[in-house]
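The analysis underlying the following values was restricted to heavy atoms, covering all of them including side chains, and did not include hydrogens, waters or symmetry mates. Everything numeric here is computed off the predicted structure, so don't read it as measured data. In what follows, every chain begins at residue 1, and chains take the letters A, B, ... in the order their sequences are listed.
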Amino acid sequence: MAKEITNRSEDYSQWYNDIVKKAGLADNSAVRGCMVIKPHGFALWENMRDQLDRMFKDTGHVNAYFPIFIPKSFLSKEAEHVEGFAKECAVVTHHRLMNDPDGKGVVVDPSAKLEEELIVRPTSETIIWHTYRDWINSYRDLPLLVNQWANVVRWEMRTRLFLRTAEFLWQEGHTAHATKQEAVEETLQILDIYAKFAEEWMAMPVVKGVKTVNERFAGAEDTYTIEALMQDAKALQAGTSHFLGQNFAKAFDVTFLDENQKRELVWATSWGVSTRLIGGLIMTHSDDDGLVLPPKLAPQQVVIVPIPKPSEEVDEVAEKIMATCKEKGIRCIFDKDLKKRPGFKFAEYEMRGVPVRIGIGKRDLEKNQVEIARRDTKEKTFVPIDGAVDYIEGLLVEIQNNLFQKALKFREEHTSSADSLEEFKEILDTKGGFVKAHWDGTTETELKIKEQTKATIRCIPLENEKEEGVCILTGKPSAQRVLFARSY
RNA sequence: CGGGAUGUGGCGCAGUCCGGUAGCGCACACGGCUGGGGGCCGUGUGGUCGCAGGUUCAAAUCCUGUCAUCCCGACCA
C-alpha cells in the first residue's frame, strides 16, 4: 500500500493534507472548495455532534431547523451584519433548467428568474430573527433557546479541508432573552460548554477570551472565543459565542411585553462550532504516522488484530473481549480480514487513529495473554486475557489524559511574553505560539502590528491578570496583556 | 482575487525541452509459496495523457483559452 505521510517538519501543510486523506476523513469533491466527508470523518463528527448536543440539551436548549435559503432583503436589514458576509455569498437567481435549444445538456431557463433572489445561508441570524418576531410576544415566551445543526456556505477564495471550506457543517444557537444580563450569561455559559468540550472531549486545551472590536462577529456587541494552539505553533479559533445586544431585535422588530406591560426589545446571543473542530483535533494530536484520536471521540476505540490471521482459538478470545467491551460501552472492532497481513493492519489502524490495538496470536494464547499497543505513545505491553478489558478501560482514560497533558505542555512551552516590538517579532519568527503583550486598545495599533508581524490579537483572555504596562507599538499605557498569535 | 507550481490507469510518478501513436512502482484480479510490523514469485486487467479549440501528414509533447488542485499572499470560522 505504501501510504506514506509527509513529515510535519518537512511540510506541515502537506502533512495535514496527507492525514486527512490517508486516514480516510475527507476528500476533495467535484465542487470547488467543497469536501466529501468520508465515513470515518463523519463518524468522528457524529461523536462530536452528539456530545455537544447533549450539553446543549442539558442546559435547556432545543433543536429546530430553518431554511437554507434566505431572501436577499433580509440581509439588508442589519447593515453591519451583512457587511461581514456580503463578499462570500452564493446567490440563487433561477428556479428551472431546460434542455439547451442548441444541442447537448441543460441551460438555465431565462424565463424562470426569481422575483427576489435567495441567498444560501452563510449564517442564519436574519431568517431566524425574522421568525422570532412571530414567536415572541410576551416575557412568558422568553428565554427562547434554540439551536440548529445545519450546513452553511461561505464562498471562500482559499479553502483547506475542514479548516476552511466553502460549505461546512456546524451548529448555530440563537437565543432571545428579556434582559441584557441574562443574554450575557447565556453567551458565557455557551463559551464554557465549548471550552469544556474542547478540553475534556477533544483533549485540546483552549484559552477563553473576548475578541477585539476588529476581530468580532459582524453585528455583535461582544464576541467570545476559544483559541487553541496547533502543533505548528499557529492559533486556531475553535468556537465563538456572541452577545448580540439588541441589534437584531431592532433590525427585525422583535419586542415583548414585560411584567409591567411595557414593550421592550429582546436581547440576543448566537454561537457556533463547526467541522473546523476536526481540523483542530487533527493538528493538536496527530503525528508522522497518522491520525491520533482522543478515545472519547474515536469512532473505534479498540481494534483486535489476529496474528497472523484468524483461527478458532484466536477468534474465541477476540469475541469474548469484544463482548466484554460492549458491556462496558467500549467501541471495539475485530479485523478478521484474511487478505491483509498483521503488519499492514497495524500501520492502517495507526493511520486512522484508533487509540488501542490488541494483538492476539498463538504465542500469546499459550501464555494466556494478549498484546496491547497504545496509539499515542506507541508503547506495547502484554496483559493477561482475563484482565485485558479492565486494563483497556483504564488505558483509554490514561490516553485521553495524556493527550490533553501533552497538548497543554506544548501550549505552555509556546506561550511567551514580549515587552518590546523587537522581542515580539523575535518570538514569532523563532518559536511562534501565543505571545502575551501590552496593547493600547486601539484598532489602529492592532492593524499596524498585524501588518508588521502577521500576528493578530486572538483574544483578551477572560482569566487575565491585570498588569500595568505600555503598548509594544505606541508606548501608550495598557492595563493588561492580550494574547497575540499568527493564526489560521 | 494577486504570485508561483502541478494536472498522464485507483494512488505516486517518468516521458514534454528536441512531435512519430504511452511506460514504471504501488494498488487491483488469478495461482502458488508464506505468515508476530506495510511479504515473495508468476500471470493478468485497467489510461481518447484535466477540458475545449488551434497548428501539423502526425500532438501527452507546440500555440491559445479554460477548469481544477497545491503552496505563498490579501479576506474570513
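- Projected onto RNA chain B by closest heavy-atom contact, A:E88 and A:D289 fall at different nucleotides, the more 5' of which corresponds to A:D289.
- Between A:R357 and A:E350 there is a salt bridge, since a side-chain N of the basic residue sits under 4.0 Å from a carboxylate O of the acidic one.
- One C1' atom belongs to B:rG12, the other to B:rU69, and the distance between them is 15 Å to the nearest Å.
- Between B:rC62 and B:rG20, the distance separating the two C1' atoms is 14 Å to the nearest Å.
- B:rU66 and B:rC57 are spaced 29 Å apart, taking the C1' atom of each and rounding to whole Å.
- A donor-acceptor contact under 3.5 Å links the side chain of A:E350 to the base of B:rG37.
- Comparing B:rG10 with B:rU45, their C1' atoms sit 13 Å apart, to the nearest whole Å.
- Between A:R8 and A:D18 there is no salt bridge, since none of the side-chain N atoms of the basic residue sits less than 4.0 Å from a carboxylate O of the acidic one.
- Contacts of A:K340 with the nucleic acid, taken as non-hydrogen atoms under 4.0 Å apart, are absent.
- With rounding to whole Å, A:L236 atom CG is found 13 Å from B:rC76 atom C1'.
- Pair assignment for B:rU61: none, as no Watson-Crick or G-U wobble contacts are both less than 3.5 Å.
- B:rG31 is paired with B:rC41 under the criterion used here, namely a Watson-Crick or G-U wobble arrangement in which both key atom distances are under 3.5 Å.
- Residue contacts shown for A:F217 are absent, as no nucleic acid heavy atom lies under 4.0 Å away.
- One interatomic measurement links the two molecules: CD of A:E156 to P of B:rC76, which rounds to 10 Å at whole-angstrom precision.
- Within 4.0 Å (heavy atoms only), A:T165 reaches at least one base atom of the nucleic acid.
- Relative orientation of the A:F74 and A:F252 rings is perpendicular, given thresholds of 30° and 60° on the angle between their planes.
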For nucleotides 39-43 of chain B, list the nitrogen or oxygen atoms of the protein found under 3.5 Å from its nitrogen or oxygen atoms, one pair per line.
residue: B:rG39; atom: OP2; partner: A:R341; partner atom: NE; Å: 3.4
residue: B:rG39; atom: N7; partner: A:R341; partner atom: NH1; Å: 3.1

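- With a cut-off of 3.5 Å on both pairing distances, the Watson-Crick or G-U wobble partner of B:rG25 is B:rC11.
- Residue A:L163 is classed as a base contact, given a heavy-atom separation below 4.0 Å to a base.
- The C1' atoms of B:rA68 and B:rC51 are separated by 10 Å, rounded to the nearest whole Å.
- Across the protein-nucleic acid pair, A:I358 atom CD1 and B:rG37 atom P stand 18 Å apart, rounded to whole Å.
- If you check B:rU69 for Watson-Crick or wobble pairing at under 3.5 angstrom, you find it paired to B:rA5.
- Remark: B:rA74 base-pairs with no nucleotide in the shown strands. Criterion, Watson-Crick or G-U wobble with two distances under 3.5 Å.
- A salt bridge links A:D192 to A:K208: at least one charged side-chain nitrogen sits closer than 4.0 Å to a carboxylate oxygen.
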Contact pattern, 5' to 3', of nucleotides 65-73 of chain B - B, S or - by protein heavy atom under 4.0 Å: ---SSSSBB

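- Taking the centre and axis of the six-membered ring of A:F434, the NZ or CZ atom of A:K436 falls outside the cone set by 45° and 6.0 Å.
- Classified by interplanar angle (parallel below 30°, tilted 30° to 60°, perpendicular above 60°), the ring pair A:W267/A:F243 is parallel.
- Residue A:H81 contributes atom NE2, which lies 14 Å from atom C1' of B:rA77 at whole-angstrom precision.
- Atom-to-atom, CG of A:N151 to C1' of B:rA77 comes out at 15 Å; the value is rounded to the nearest Å.
- Using a 4.0 Å cut-off between charged side-chain N and carboxylate O, A:K378 and A:D289 make a salt bridge.
- A salt bridge is defined here as a Lys NZ or Arg NE, NH1 or NH2 lying under 4.0 Å from an Asp or Glu carboxylate O, and A:E227 with A:K211 meets this definition.
- Here the P atom of nucleotide B:rA27 and the NZ atom of A:K339 are 15 Å apart, to the nearest Å.
- Between B:rC75 and B:rA22, the distance separating the two C1' atoms is 44 Å to the nearest Å.
- Across the C1' atoms, B:rU16 and B:rG50 are found 16 Å apart, a figure rounded to whole Å.
- The nearest whole Å value for the distance from the CG atom in A:L52 to the P atom in B:rA77 is 19 Å.
- Residue A:K309 is classed as a base contact, given a heavy-atom separation below 4.0 Å to a base.
- Note on A:K450: only backbone sugar-phosphate atoms sit closer than 4.0 angstrom, heavy atoms only; bases stay farther off.
- Judged by distance alone with a 3.5 Å cut-off, no donor-acceptor contact links the side chain of A:R154 to the base of B:rC76.
- For the pair A:R164 CZ and B:rC75 P, the computed distance is 11 Å after rounding to whole Å.
- Nucleotide B:rU48 has no partner under the Watson-Crick or G-U criteria, as no pair reaches both atom distances under 3.5 Å.
- Between A:K450 and A:E446 there is no salt bridge, since no side-chain N of the basic residue sits under 4.0 Å from a carboxylate O of the acidic one.
- Between A:W170 and A:F168, the angle of the ring planes goes over 60°, which puts this pair in the perpendicular group of the 30/60° scheme.
- Note: A:E172 CD to A:T240 OG1 = 11.0 Å, rounded to the nearest 0.5 Å.
- Taking the C1' atom of each, B:rG19 and B:rA60 are spaced 10 Å apart, rounded to whole Å.
- Base pairing analysis places B:rU16 opposite nothing; no Watson-Crick or G-U wobble pair with both distances below 3.5 Å involves it.
- A:W129 and A:Y132 have perpendicular rings, their planes meeting at more than 60° on a 0 to 90° scale where under 30° would count as parallel.
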